[in-house]
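Below is one structure, written out as structure tokens, with a few remarks after it.
No hydrogens, no waters, no symmetry mates; every other heavy atom, side chains included, goes into these values.
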Amino acid sequence: MKRKRIATSLGVMLLSTSMLMAGCASKSETNNNNDSTAAATNTTNQAEATTNTPDAAPAFEFGVTPVSFSFYGNYDWYTQNPWGADPGTKWIQDNKKVTVTAVQAGSSPEVKLNAMIASDELPDVIWGERDANVEKLRAAGKLVALDQYVDKYPNLKKWAGDATLNMLKAEDGHLYVFPNWYANSARGNGGYIVNTKIYTELGSPKLETFDDLYAYLKLVKEKYPKIIPFETSIGAQGIYELYSGFAEDHPVQFVSQMAVPNAGGDKLESIFTDPTFKETLQYASKLFREKLVTQDALTQKIEQVREKVTTGKVAVASAFNVTDLGARGTVALKAADPSAGYTMIWPLQKGGLDKNKIFATQYDSLGWNVNMITTSAKDPEGIFAYLDWLTGAEGQRVGFWGPPGLYWDGADETDAPKFTDKYATDKEGLSKMMSTMDSFNWAGNTTFIDQAKSKHELSLPADQQEWATIAQNAVAWKTAYNITQFANMDPAPTSEEGVIAQRISDIFTRVFAKAIFAKDDAEVEAMLNTASEEANSAGYDKLLAFKTTKWQDNLKRINAE
């Protein structure tokens with residue numbers, strides 16, 4: 001499922017992507033939070049008072065008090081396996097007293113969800129995107145506010161942090177969602193890789209700026225006519241990546257959201273009048289004209305990209321998840337030639353810029369999707385307690401690698417798993433276990449998992465370390481931009497701004513495709529000028545004003561104490 005998150009991450013996985021709204025620190029919201037805290041205190045006092053009554057039910061204790069709930073994944077690709085039928089969920093059932101009943105979505109999840117809402121027969125937990133469905137359910141009074149549990153159970157607040165939780169709050173100031181695969185530190189997989197063997201054979205020339213890249217690609221074309229000089233992956237992701245190197249502090253997010261912050265940092269402006277975007281397209285069109293880049297960048301499939309990379313037919317590649325390509329390619333090529341493979345390089349840039357302010361990848365602390373506990377749940381606290389355990393250290397060890405005693409046994413001083421010999425020797429079994437548990441890890445903790453994996457991998461001899469882990473630690477995570485401030489900026493599709501947004505998206509898609517195949521720089525500029533006029537006529541100013549308001553609200557939420 002983490003792979004599914006990556007696939008949707010930006011304009012492709014990538015696509016990334018903005019999402020759900022959060023509460024601000026205004027006086028009314030502070031009052032709401034105080035009310036929530038008071039309600040939680042009253043609930044606790046009532047529970048304590050009740051335990052002194054002979055006939056009262058005992059207080060809830062996770063791991064002792066049984067927890068049972070129904071779970072619905074709102075995706076057509078997701079089918080939940082039977083709970084307790086595998087070693088991982090059987091261990092959770094036996095040791096944590098948790099039982100989950102699946103409610104399958106089938107082939108039409110939105111139809112099924114709407115039917116459940118209309119009939120008021122909701123499952124206890126709904127797992128899905130941070131989209132309009134969240135607000136629809138909240139506005140209808142069908143979701144349980146989770147504020148009352150956040151301070152009672154330690155893990156979500158510890159790992160997600162107040163800023164992320166503030167961003168996840170609804171407009172009424174309350175938290176209704178439990179995030180999945182969120183992060184509290186730099187993460188990402190975007191950037192550039194080079195074919196090590198070709199690079200070495202060509203004398204390992206300097207490859208730091210876009211001028212260096214242009215010269216290198218021309219050399220590749222001359223010396224290796226059957227090799228693709230620059231591979232941009234699906235959806236021309238590599239062209240988006242170029243954008244991040246033509247100006248400092250300019251993540252790809254600005255392109256995908258079609259709105260760029262002004263110099264003052266208080267307003268979002270048109271992507272069509274952005275000098276950095278124009279320069280990017282002009283450079284890209286030059287590469288296309290001179291056949292230095294894959295010519296089917298807008299139409300190829302990921303399988304085609306992987307085939308080219310794994311067979312060594314690419315000199316330089318750039319993508320939103322380039323570490324996956326690099327890892328696949330290196331494993332495949334080294335099987336035949338130990339000196340072959342790929343190396344991830346520091347992000348390329350326009351000459352004269354600070355390389356430490358160039359961000360070729362990005363991450364959103366809010367994560368991928370969310371869990372919503374509905375008012376149908378008889379034991380919402382028990383469900384929250386389970387999700388909170390799952391997102392913590394022990395829960396993630398089980399949720400990612402399976403139960404203790406197989407591939408890990410015990411934890412070190414940082415709570416990272418102590419891997420057994422079987423972890424290294426039974427790769428097939430480990431892969432099967434991880435694939436199975438992936439289906440149940442609904443509260444993934446990206447930071448914990450990545451730190452645990454990296455700690456283990458980096459402790460191994462260099463020739464045994466995983467390629468992606470090395471690339472992430474050396475380059476990707478050091479050049480990742482936190483785009484959380486730009487989350488939640490998309491208007492509802494049926495609103496006036498939503499209709500405008502679709503028009504602007506259509507204009508953008510059209511001009512992007514035409515511009516990279518332009519005959520010269522002047523034509524690129526003319527296309528952008530025309531697109532700007534069309535966008536303005538389509539109401540772009542209203543959309544930018546809407547996004548600006550959301551952005552400024554995000555900043556207030558992030559900075560709220």
### Query
With distance as the sole criterion, is a donor-acceptor pair present between the side chains of N445 and T447 under 3.5 Å?
no
### Task
May I ask you to check whether Y182 and W159 place their ring centers less than 6.0 Å from one another?
no
### Message
Ring centroids only, cut at 6.0 angstrom: are F277 and F508 within range, meaning strictly under it?
### Response
yes
### Task
Before giving the answer on side chain to side chain contact (heavy atoms under 4.5 Å, CB included), spell out for E110 and N133 the whole-Å C-alpha distance, their side-chain angles and the decisive distance to 0.1 Å.
CA-CA 9 Å; E110 286 300 313; N133 285 324; 3.2 Å; yes
### Message
Can you classify the ring geometry of F246 versus F210 as parallel (below 30°), tilted (30 to 60°) or perpendicular (above 60°)?
### Response
parallel
### Criterion salt bridge (Lys or Arg N to Asp or Glu O under 4.0 Å) on D463 and K334, from CA distance to verdict
CA-CA 12 Å; D463 60 347; K334 281 187 176 297; over 6 Å; no
### Task
Verify side chain to side chain contact (heavy atoms under 4.5 Å, CB included) between Y283 and V524, making sure each step is shown before the conclusion.
CA-CA 10 Å; Y283 181 84; V524 171; over 6 Å; no
#### Entry: Side-chain donor-acceptor contact under 3.5 Å, Y243 with E279
no
### Query
Do E303 and R306 sit within salt-bridge range, that is, some charged N less than 4.0 Å from a carboxylate O?
no
### Task
Kindly indicate, with the supporting measurements, whether the criterion salt bridge (Lys or Arg N to Asp or Glu O under 4.0 Å) is fulfilled by E523 and R289.
CA-CA 13 Å; E523 186 172 25; R289 286 194 300 275; over 6 Å; no
### Query
With the threshold set at 4.0 Å, does a side-chain nitrogen-carboxylate oxygen contact exist between K542 and E496?
yes
### Task
Please say whether more than 12 non-hydrogen atoms of neighbouring residues, nucleotides or ligands are located less than 6.0 Å from NZ in K427.
yes
### Task
Might you work through the salt bridge (Lys or Arg N to Asp or Glu O under 4.0 Å) test for E497 and K550, ending with a clear yes or no?
CA-CA 12 Å; E497 292 84 2; K550 297 296 184 183; over 6 Å; no
### Summary
Per side chain to side chain donor-acceptor pair (under 3.5 Å), R187 is matched among T446, D450, N482 by D450
### Test applied, side chain to side chain contact (heavy atoms under 4.5 Å, CB included); reference residue, L353; option that passes from K355, K357, K350
K350
### Query
With no hydrogens and no angle check, do the side chains of E290 and Y214 hold a donor and an acceptor under 3.5 Å apart?
yes
### Query
Between the main-chain N or O of E208 and the side-chain N or O of D212, is there a donor-acceptor pair closer than 3.5 Å?
yes
### Query
So, Y540 versus F272, ring centres under 6.0 angstrom or not?
yes
### Task
List the steps, then state whether side chain to side chain contact (heavy atoms under 4.5 Å, CB included) holds for V314 with I227.
CA-CA 6 Å; V314 170; I227 295 294; 5.7 Å; no
